Amino acid sequence: MSKRAQGAAGPSQRQLRVGEQIRQVLAELLMRGETHDPDLDGRPITVSEVRMTPDLRTATAYVSPLGLDSDGADVVIKALARSASTLQRGIGRQVSLKFTPRLLFRLDTGFDYAAHIDRLLAKPVIRRDLDDEDDAAGDHGAGDHVVGDHVVGDGDRED
């Protein structure tokens, strides 16, 4: 497989490994309060993922400030952007790379999206539909699929 085809499929192992190293160092730096920014001091911030560009020169950190509304989260993102050079120096001291990547910060909305999906799945109408599907699947064999009213696969029932 060519390198171009690998890039289209997703990040390389090196991108993933360097991103994880930077995530760990970044989380440590934030936990120790090494930014000296009043908007970041004492705030619990989760660094959920760091995505690297293929040339490893830019790192995008996805962060979640805990216990803040969207306005408070925007303040934290702006404070992180102000402190990017300080954090970048800290990363440069702890991670061996040819170039220390430029840091970008984005609000991680993955937790909010997961909570939204959980709320949807907990609704009685959805719960009932899911229970009906489980009951219907229990009437058939393991290799069967229900398509409309028809059972496709090893099952012997066809309505």
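Values below: every heavy atom of this structure, side chains too, minus hydrogens, waters and symmetry copies. Worth saying up front: this structure is predicted, and the values here are computed from it rather than measured.
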Q.
Pair Q13, R17 - check side-chain contact (heavy atoms from CB on, under 4.5 Å), show working.
A. CA-CA 6 Å; Q13 285 297 313; R17 183 174 46 80; over 6 Å; no

Q. Taking it one step at a time, do F105 and I45 satisfy side-chain contact (heavy atoms from CB on, under 4.5 Å)?
A. CA-CA 12 Å; F105 295 95; I45 299 171; over 6 Å; no

Q. Would D108 and E49 satisfy side-chain contact (heavy atoms from CB on, under 4.5 Å), going step by step from the backbone distance to the final call?
A. CA-CA 8 Å; D108 186 1; E49 182 181 6; 5.8 Å; no

Q: Going by the side chain to side chain contact (heavy atoms under 4.5 Å, CB included) test, name the single residue among T46, V75, L107, I77 that passes it with P65.
A: L107

Q) What residue among E34, Q88, R89 forms side chain to side chain contact (heavy atoms under 4.5 Å, CB included) with L29? A) E34

**Q.** CA sep, side-chain torsions, deciding dist, call: R43, V76, side-chain contact (heavy atoms from CB on, under 4.5 Å)
**A.** CA-CA 9 Å; R43 293 217 190 261; V76 168; 3.7 Å; yes

(Q) Under 4.5 Å between side-chain heavy atoms, counting indirect links through other Ile/Leu/Val/Met/Phe/Trp/Tyr residues: same cluster for Y113 and L120 or not? (A) yes

Q. Honestly curious: do L103 and V95 fall in one hydrophobic cluster under the side-chain, below-4.5 Å linking rule?
A. yes

Q.
To the nearest 0.5 Å, what is the distance between OG1 on T60 and CZ on R102?
A. 8.0 Å

Q. Does R23 pair with E20 as a salt bridge, N-O distance under 4.0 Å?
A. yes

Q. To the nearest 0.5 Å, how far apart are CG in D37 and CG in L30?
A. 10.5 Å

Q: State plainly whether the residues K78 and D39 are in salt-bridge range, i.e. N to O under 4.0 Å.
A: no

Q | Same apolar cluster (I L V M F W Y, side chains within < 4.5 Å links), I22/L56 | A | yes

(Q) Nearest 0.5 angstrom please: F99 CZ to R57 CZ, how far? (A) 3.5 Å

Q) If you measure from CD on Q21 to CE on M52, what distance do you get to the nearest 0.5 Å? A) 9.5 Å

(Q) Nearest 0.5 Å, please: how far is CG in L40 from OG1 in T35? (A) 4.5 Å

Q) CD1/I91 to CD/Q24 distance, rounded to the nearest 0.5 angstrom? A) 11.5 Å

Q | Within-4.5 Å side-chain heavy-atom neighbours: V63 and V47 | A | yes

